[in-house]
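Report on the following structure.
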Amino acid sequence: MNLVVEAIAWILDPANWSGIGSIPQRLWEHLWISAVILLIAAVIALPLGMMVGHTGRGREPAVVVSGGLRALPTLGVLSLFALWLGIGLRAPIVALVILAIPPLLAGAYAGIESVDRRVVDAARAMGMRERQIVGGVEIPLSLPIIVGGIRSATLQVIATATLAAYVSDFGLGRFIFAGLKTRDYAEMLGGSILVILLALVVDGAFAITQRLVVPAGVRATRATELRSRPTRPRAAVGQPITEGNQE
């Protein structure tokens, strides 16, 4: 408990909020590298996942590749690329892009596949081209699932981006590694708490976004279905429930 108090005191210490290597600087670095990694991974995974979901081709290889990339140990991959690319940000960016691709890929093809095929067939019957169907029908209806994949990838990247400090002086992970080196456990725990708080704030923002991207028509349909569900009649007070009044 004393260590937690010391960690909070370390976070609130004004000396850690100004100058080089301060909390705001490390926080900005962490957000910046996470955004770059997610952008690169999204450019690779989202179009591929949407194509797989729309055409139905290549689903099994996509699942295999996605599962295989999930199984890779990020620290091992980071160490391997660090030996190849050297000290700096290139190795953690490559390693974390590999980490971010599976949830983005899975969210994209699962979202497109979840769209009712009757809606897609109706769009084709109206003369819409395949690109118009993807952009005007499938993507809007599958946005909640796609955003869910982005949300999962973002949380994984934010949590694991602390490893960037393993091969570079960058991000919130620097507090963790510096505290480990100097045995300043309050700094280590303080850095960990900052990463957790950042992940919780970003997760909350994505939770709100997932609700907002649900199409109005889908929300109205769900509300109508909930209102139209038959309710089971309740037995009168003191009256036993029998097979006759259960229905």
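Residue indices begin at 1 and follow the sequence shown.
Leu99 and Leu80 are not part of a single hydrophobic cluster, where members link through side-chain heavy atoms under 4.5 Å apart. Linking Ile, Leu, Val, Met, Phe, Trp and Tyr whenever their side-chain heavy atoms come within less than 4.5 Å leaves Ile101 and Leu39 in two separate clusters. At a threshold of 4.5 Å between side-chain heavy atoms, the hydrophobic network of Ile, Leu, Val, Met, Phe, Trp and Tyr places Leu197 and Ile158 in one connected group. In the hydrophobic clustering of this structure, Tyr185 groups with Val4; members are Ile, Leu, Val, Met, Phe, Trp, Tyr whose side-chain heavy atoms approach within less than 4.5 Å, directly or through other members. Put simply, Val201 and Leu12 are part of two different groups of oily side chains (I, L, V, M, F, W, Y) that touch within less than 4.5 Å, one to the next.
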Can you give the donor-acceptor pairs under 3.5 Å from side chains of residues 143-153 to other protein atoms, not counting sequence neighbours?
unit_1, atom_1, unit_2, atom_2, d
Arg151, NE, Asp203, OD1, 2.6
Arg151, NH1, Gln210, OE1, 2.6
Arg151, NH2, Asp203, OD1, 3.1
Arg151, NH2, Asp203, OD2, 3.3
Ser152, OG, Gln156, NE2, 3.4

For residues 102-114, tabulate all N or O donor-acceptor pairs below 3.5 Å that involve a side-chain atom, not counting sequence neighbours.
unit_1, atom_1, unit_2, atom_2, d
Glu113, OE1, Arg59, NE, 3.1
Glu113, OE2, Arg59, NE, 2.9
Ser114, OG, Gly111, O, 2.6

When the side chains of residues 128-135 are checked against the rest of the protein, which donor-acceptor pairs come out under 3.5 Å, sequence neighbours left out?
unit_1, atom_1, unit_2, atom_2, d
Glu130, OE1, His54, NE2, 2.6
Glu130, OE1, Arg124, NH2, 3.1
Glu130, OE2, Arg124, NE, 2.9
Gln132, OE1, Arg129, N, 2.8

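Within the 4.5 Å cutoff, the side chain of Ser192 has heavy atoms near those of the Ile176 side chain. With a 4.5 Å cut-off on side-chain heavy atoms, Leu48 and Ile44 do not count as touching. Taking 4.5 Å as the limit, every side-chain heavy atom of Asn16 sits out of range of all side-chain heavy atoms of Ile11. Counting heavy atoms from C-beta on, the side chains of Trp10 and Leu189 never come closer than 4.5 Å. Side-chain contact between Ile98 and Phe81 is present, with heavy atoms from C-beta onward closer than 4.5 Å.
Of all heavy-atom pairs between Val137 and Pro140, the closest is O-CD, 3.4 Å. The two residues Leu3 and Ala186 have their closest heavy-atom pair at CD1-N, 3.8 Å. Heavy atoms only, all atoms of each residue included: Ser168 and Ala164 are closest at OG-O, 2.6 Å. Between Gly86 and Ala91 the shortest heavy-atom distance is O-CB, 4.4 Å. Listed here is the closest heavy atom pair of Ala100 and Ala41: CB-CB, 3.7 Å.
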Quick one, Ile196 with Leu200, criterion side-chain contact (heavy atoms from CB on, under 4.5 Å). Give me CA distance, side-chain angles, the key distance, then yes/no. CA-CA 6 Å; Ile196 293 170; Leu200 290 175; 4.1 Å; yes
Would you sort out whether Arg117 and Val115 count as a side-chain contact (heavy atoms from CB on, under 4.5 Å), showing the intermediate values? CA-CA 6 Å; Arg117 293 298 97 186; Val115 178; 3.8 Å; yes
side-chain contact (heavy atoms from CB on, under 4.5 Å) between Leu31 and Leu198, intermediate numbers included: CA-CA 9 Å; Leu31 285 171; Leu198 177 60; 3.6 Å; yes
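With rounding to the nearest 0.5 Å, the separation of CD1 in Ile93 from CD1 in Ile40 is 5.5 Å. Atom CG of Leu27 and atom CZ of Phe175 lie 9.0 Å apart (nearest 0.5 Å). We find the CG-OG1 distance between Leu96 and Thr160 to be 6.5 Å, quoted to the nearest 0.5 Å. One finds the CD1 atom of Ile139 at 9.0 Å from the CG atom of Leu46 (value rounded to the nearest 0.5 Å). The line from NE2 of His30 to CD1 of Ile23 is 13.5 Å long, rounded to the nearest 0.5 Å. From Glu6, atom CD reaches atom CG of Asp13 across 12.5 Å, with rounding to the nearest 0.5 Å.
No more than 12 heavy atoms of other residues, nucleotides or ligands shown are found within 6.0 angstrom of CZ on Arg118.
Cluster partners of Leu78, using a side-chain heavy-atom cutoff of under 4.5 Å among ILVMFWY residues and allowing indirect links, are Leu75, Ile87, Leu163, Tyr166, Val167, Phe177.
Judged as a salt bridge (charged side-chain N to carboxylate O under 4.0 Å, His left out), and not counting sequence neighbours, the contacts of Arg26 are Glu29, Asp169. The salt bridge (charged side-chain N to carboxylate O under 4.0 Å, His left out) test applied to Arg57 returns no partner, not counting sequence neighbours.
Judged by distance alone, the side chain of Trp32 and the main-chain N or O of Gly171 form no donor-acceptor pair under 3.5 Å.
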